[in-house]
J.: 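Just passing along the structure, written as structure tokens.
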Amino acid sequence: MTERKVRVRFAPSPTGPLHIGGVRTALYNYLFAKQNHGDMIFRIEDTDSQRFVPGAEAYIIEALEWLGIHFDEGVSYGGNYGPYRQSERKEIYRKYVDRLLDAGKAYIAFDTPAELDAKRNEIPNFQYDASTRMQMRNSLTLSKEEVDRLIADGTQYVVRFKIEPGEDVVVDDLIRGKVTINSSILDDKVLYKSADNLPTYHLANIVDDHLMLVSHVIRGEEWLPSAPLHVLLYRAFGWEDSMPRFAHLPLLLKPDGKGKLSKRDGDRLGFPVFPLEWHDPKTGEVSSGYRESGYLPEAVVNFLALLGWNPGNDQEIMSMDELIKLFSLEKCSKSGAKFDYEKGKWFNHKYIQEKSNEELTTLFMPILREKGIEADPATVARIIGLVKGRVSFVKELWDQAAFFFVAPTSYEEKSVKKRWKEDTPAIMRELIEILRNLDDLSSAHAEGVVLGWIERNGYHLGNVMNAFRLAVVGECKGPHMFDITEIMGKEETIKRIERAIEHIG
RNA sequence: GGCGGUUUAGUGUAGUGGCCUAGCACGCAACCCUCUCACGGUUGAGACUCGGGUUCGAUUCCCGGAAUCGCUACCA
């Protein structure tokens, strides 16, 4: 086989927000394309006019751009093989349907949905195929005149693929190896419907992939059963020599029970299954997204990449560039992967740690403003430096650092009981004096002075320090005490201790 | 029901006919660090779906069962 340029496509249906499984499919296509210096095509498969959802297309583009998955050509990107929206390619499909019809590889069928239903009820496991097609109303059983008359009368019809039975069809899958299916179990698939003059997925897919010079079809496992049909179609058109290679990816499964990961699982278990927040235009329902939930795009990409693939060693943290270098279809696993949301959080934690304090400040400032706080970014950056190790999300920075901006109004009861003794107020007053006389409040120096004072007086270290913390933070948590006071400053620290003495007593 | 795919700890996975006393990561537990809570570090519990066969030897190869997922639309 001659080497040809790698061209892959991501071809979703605009039926709603892009599911996280779809994101992974797009990602793998992208990694493969970039690794091979190939092209990534964005095609919209909107042959089902019934299920079209406005806004879905723009959503998909925005989501993938957010994640750093870029296309070389396609809808909204341009290119030489357009149009890239299937609804705009009607004439093209019609031409190829006629070609199949003329060659006797497809036929016209007039059976109505009701008639088909009746047949299904009449014959158990009814299938429209070589064994039954001669009992149906189609161009194989009707006279040419009758067929012409029905069409002229405007009777709705479909075009079906005439599958020859008894032939083993082999699909050579890059991930699964050779998969063989006998053509007898395939039905005469509908390729085209006169009702809307649109092809079904199968025909449109083959024609487009061929015309767009697609070299590799990387898609979800749910397509594996119809892959033999696609092979047969390439053959019927005489395109077998340039047929793309197939790779069927394992599915993303529910974290707990069984089955494919669905939108409902996210609602039920409390995590997003969509990259971006989605507002359903019909129901007004809002579904959460990874972006809005505080995920960093590089964390989502890294996490997703490892769901169904791994580099073969223990490396887990990988940038997009590294993924492009290391990715390989051969190392994709064959079995479905349960979606492990906890691991996703861990990835985000890792990526937060790799961000500089300044970068995190930029992300955190809007949240601060939302809370009604105006703060100096340089100070915010210092605070973030103290607390970022304990967060997995930018918004959790607030939970960890709020006390820097808002003085405690209450004091955690349990700790008060444990640490605020009868003599504490007196000791705290002493501490105030110590602090007042301190002209260098830098962490190490202040620590030396205060710890020295505690030791000289034989005070209980834990009790004093925790009372101190209680007064400043409001509870017994947070960073190193003297790192806090260094940033907070003398005045505010003393004010808080005074206030605690007053409130707790 | 039919057809196809899949099957290593709770989860994601590595791995090989003997180096496997099956590795790594998440999660979980303990300990260490420590003024607190975290982070971090160390350690620990935890798996080769079952039954046959091939073989000196099988988690690894073959056959069969089971489980599970997908497809079985004029949806993609």
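Proteins get letters first, then strands, A, B, ... in listed order; numbering begins at 1 in each. Computed from heavy atoms alone, side chains included, the values below leave out hydrogens, waters and symmetry copies. Since this is a predicted model, take the numbers as computed values, not measurements.
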J.: So what does A:G478 hit on the nucleic acid, given a heavy-atom distance under 4.0 Å: a base, only sugar-phosphate, or nothing?
T.: base
J.: Using whole Å, report how far CD of A:E316 lies from C1' of B:A25.
T.: 4 Å
J.: Looking at B:C20, which nucleotide sits across from it as a Watson-Crick or G-U wobble partner, both distances under 3.5 angstrom, or is there none?
T.: none
J.: Which nucleotide in the set B:U11, B:C35, B:G12 lies at the smallest distance from any side-chain heavy atom of A:M481?
T.: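 Minimum distance to the A:M481 side chain belongs to B:C35.
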J.: For the side chain of A:K260, counting heavy atoms from C-beta on, which of B:U36, B:G4, B:C71 is nearest?
T.: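 The nucleotide sitting nearest to the side chain is B:C71.
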J.: Does A:A195 reach a base, just sugar-phosphate, or nothing at all? Heavy atoms under 4.0 Å.
T.: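 Nothing, no nucleic acid heavy atom in range.
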J.: Roughly how far apart, to the nearest Å, are B:C50 and B:A66 at atom C1'?
T.: 7 Å
J.: Can A:R94 be said to sit on top of A:Y192's aromatic six-ring, NZ or CZ under 6.0 Å from centre and within 45° of the ring axis?
T.: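 So A:R94 does make the cation-pi contact.
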J.: Measuring from the side chain of A:R390 (C-beta onward, heavy atoms only), which nucleotide among B:C37, B:G4, B:C26 has the closest atom?
T.: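 That would be B:C37.
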J.: Out of B:C71, B:U36, B:C74, which nucleotide sits closest to the side chain of A:K477?
T.: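 Of B:C71, B:U36, B:C74, B:U36 is nearest to the side chain of A:K477.
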J.: From CG of A:N125 over to P of B:G2, roughly how many Å is that when rounded to an integer?
T.: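 Computing the A:N125:CG to B:G2:P distance gives 8 Å.
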J.: Between B:C26 and B:A14, how far apart are the two C1' atoms, rounded to whole Å?
T.: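 One C1' to the other, the span is 15 Å.
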J.: Determine the contact category for A:V158: base if any of its heavy atoms lies under 4.0 Å from a base atom, sugar-phosphate if only primed atoms, P, OP1 or OP2 are that close, otherwise nothing.
T.: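 Touches a base.
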J.: Identify whether any heavy atom of A:K418 sits under 4.0 Å from a base atom; if not, whether one sits that close to sugar-phosphate; answer base, sugar-phosphate or nothing.
T.: nothing
J.: For B:G41 and B:U34, measure between their C1' atoms and round to the nearest Å.
T.: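 About 13 Å, rounded to a whole number of Å.
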J.: Taking atom C1' of B:A76 as reference, at what distance in whole Å does atom CG of A:L191 sit?
T.: 15 Å
J.: How are the rings of A:F405 and A:F364 set to each other: parallel, tilted or perpendicular (split at 30° and 60°)?
T.: tilted
J.: For B:G40 and B:U60, measure between their C1' atoms and round to the nearest Å.
T.: 38 Å
J.: With C1' as the reference atom in both, quote the distance from B:U72 to B:A9 in angstrom, rounded to an integer.
T.: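 My reading of the C1' atoms in B:U72 and B:A9 gives 35 Å.
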J.: Classify the nucleic acid contact of A:S194 as base, sugar-phosphate or nothing, counting any heavy atom under 4.0 Å across all strands shown.
T.: nothing
J.: Does a side-chain N or O of A:T15 approach OP1 or OP2 of B:A76 to a distance below 4.0 Å, or not?
T.: no
J.: If the threshold is 4.0 Å, N to carboxylate O, is there a salt bridge linking A:D208 and A:R89?
T.: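 A:R89 and A:D208: salt-bridged.
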J.: Touch check for A:R469, heavy atoms < 4.0 angstrom, all strands: base, sugar-phosphate only, or nothing?
T.: base
J.: Could you state the CG-P distance from A:D48 to B:A73, rounded to the nearest angstrom?
T.: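 Those two atoms, CG and P, are 15 Å apart.
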J.: Does B:U11 have a Watson-Crick or wobble partner in any strand here, with both distances under 3.5 angstrom, and which is it?
T.: B:A25
J.: For the ring pair A:Y84 and A:F42, is the centre-to-centre distance below 6.0 Å?
T.: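 Centroid separation for A:Y84 and A:F42: 6.0 Å or greater.
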J.: Is the phosphate of B:G15, meaning OP1 or OP2, less than 4.0 Å from a side-chain N or O of A:K331?
T.: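 It does, given that an N or O in the side chain of A:K331 lies less than 4.0 Å from OP1 or OP2 of B:G15.
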J.: How would you label the contact of A:G308 with the nucleic acid (heavy atoms, under 4.0 Å): base, sugar-phosphate, or nothing?
T.: sugar-phosphate
J.: Compute whether any side-chain donor of one residue and acceptor of the other, for A:D168 and A:T180, lie under 3.5 angstrom apart.
T.: no
J.: How long is the line joining CG of A:D117 and C1' of B:U72, in whole Å?
T.: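 One finds 15 Å between C1' of B:U72 and CG of A:D117, rounded.
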J.: With a distance cut-off below 6.0 Å to the six-membered ring centre and an angular limit of 45° from the axis, does A:R160 pair with A:Y128 as a cation-pi contact?
T.: yes
J.: Counting side-chain heavy atoms from CB outward, which of B:G5, B:A76, B:U13 is closest to A:E221?
T.: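 Among the listed nucleotides, the one closest to the side chain of A:E221 is B:G5.
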J.: B:C35, B:C39, B:A25: which one has an atom nearest the side-chain heavy atoms of A:H349?
T.: B:C39
J.: Which nucleotide, if any, forms a Watson-Crick or G-U wobble pair with B:A30, using both distances under 3.5 Å?
T.: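 Looking at the geometry, B:A30 pairs with B:U42.
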J.: Taking B:A22 as the reference, what is the distance to B:A47 when you measure between their C1' atoms (whole Å, please)?
T.: 9 Å
J.: Kindly point out which of B:A14, B:C74, B:A76 is positioned nearest to the side chain of A:N310?
T.: B:A14
J.: Please state how far atom CG in A:L116 lies from atom P in B:C75, giving the value in whole angstrom units.
T.: 12 Å
J.: P atom, B:G53 versus B:C71: distance in rounded Å?
T.: 38 Å
J.: Pick the C1' atom in B:U6 and in B:U49, then give their distance to the nearest Å.
T.: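 Looking at atom C1' only, B:U6 and B:U49 are 12 Å apart.
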J.: Under 4.0 Å, heavy atoms only, any strand: does A:H480 hit a base, just the sugar-phosphate, or nothing?
T.: base
J.: Taking CD1 from A:I181 and C1' from B:U72, how many angstroms apart are they, rounded to a whole number?
T.: 11 Å
J.: Tell me which nucleotide among B:C74, B:G12, B:G27 gets nearest to the side chain of A:K343.
T.: B:G12
J.: Select base, sugar-phosphate, or nothing to describe what A:T47 touches, counting heavy atoms under 4.0 Å on all strands.
T.: sugar-phosphate
J.: Considering every strand shown, what is the Watson-Crick or G-U wobble mate of B:U54 when both distances are under 3.5 Å?
T.: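 Result: none.
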J.: Which whole-number value in Å describes the distance from A:Y107 OH to B:C74 P?
T.: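 Whole-Å distance recorded here is 11 Å.
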J.: On RNA chain B, compare the nucleotides closest to A:Q400 and A:L251; which residue's is nearer the 5' end?
T.: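 By nearest-heavy-atom nucleotide position, the 5'-most residue is A:Q400.
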J.: Between A:Q135 and A:T132, is there a side-chain donor-acceptor contact under 3.5 Å, judged purely by atom types and distance?
T.: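 Per modelled atom types, A:T132 and A:Q135 side chains form no pair under 3.5 Å.
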J.: Any salt bridge linking A:K343 with A:E316? Criterion: basic side-chain nitrogen under 4.0 Å from a carboxylate oxygen.
T.: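 The answer is yes: the pair qualifies as a salt bridge.
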J.: Which comes earlier along RNA chain B counting from the 5' end, the contact point of A:L307 or that of A:D111, where each point is its nearest nucleotide?
T.: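 Per heavy-atom nearest nucleotide, the more 5' residue is A:L307.
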J.: Among the candidates B:U36, B:U6, B:C3, find the nucleotide nearest to the side-chain atoms of A:R419.
T.: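 It is B:U36.
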J.: Using a heavy-atom cut-off of under 4.0 Å over every strand shown, decide if A:P479 touches base, sugar-phosphate, or nothing.
T.: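 Base, at least one base heavy atom under 4.0 Å.
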J.: Quickly, which of A:W398, A:Y351, A:Y295 forms a ring-ring contact (aromatic ring centres under 6.0 Å, His included) with A:F393? Name it, please.
T.: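 Considering A:W398, A:Y351, A:Y295, a ring-ring contact (aromatic ring centres under 6.0 Å, His included) with A:F393 is found only for A:Y295.
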J.: Would you mind pulling out the nucleotide paired to B:G4, Watson-Crick or G-U wobble, both distances under 3.5 Å?
T.: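 Check on B:G4: paired to B:C69, both distances under 3.5 Å.
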J.: What's the closest nucleotide to the side chain of A:Y201 if the choices are B:G23, B:G5, B:A76?
T.: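 When the side chain of A:Y201 is considered, B:A76 is the closest of B:G23, B:G5, B:A76.
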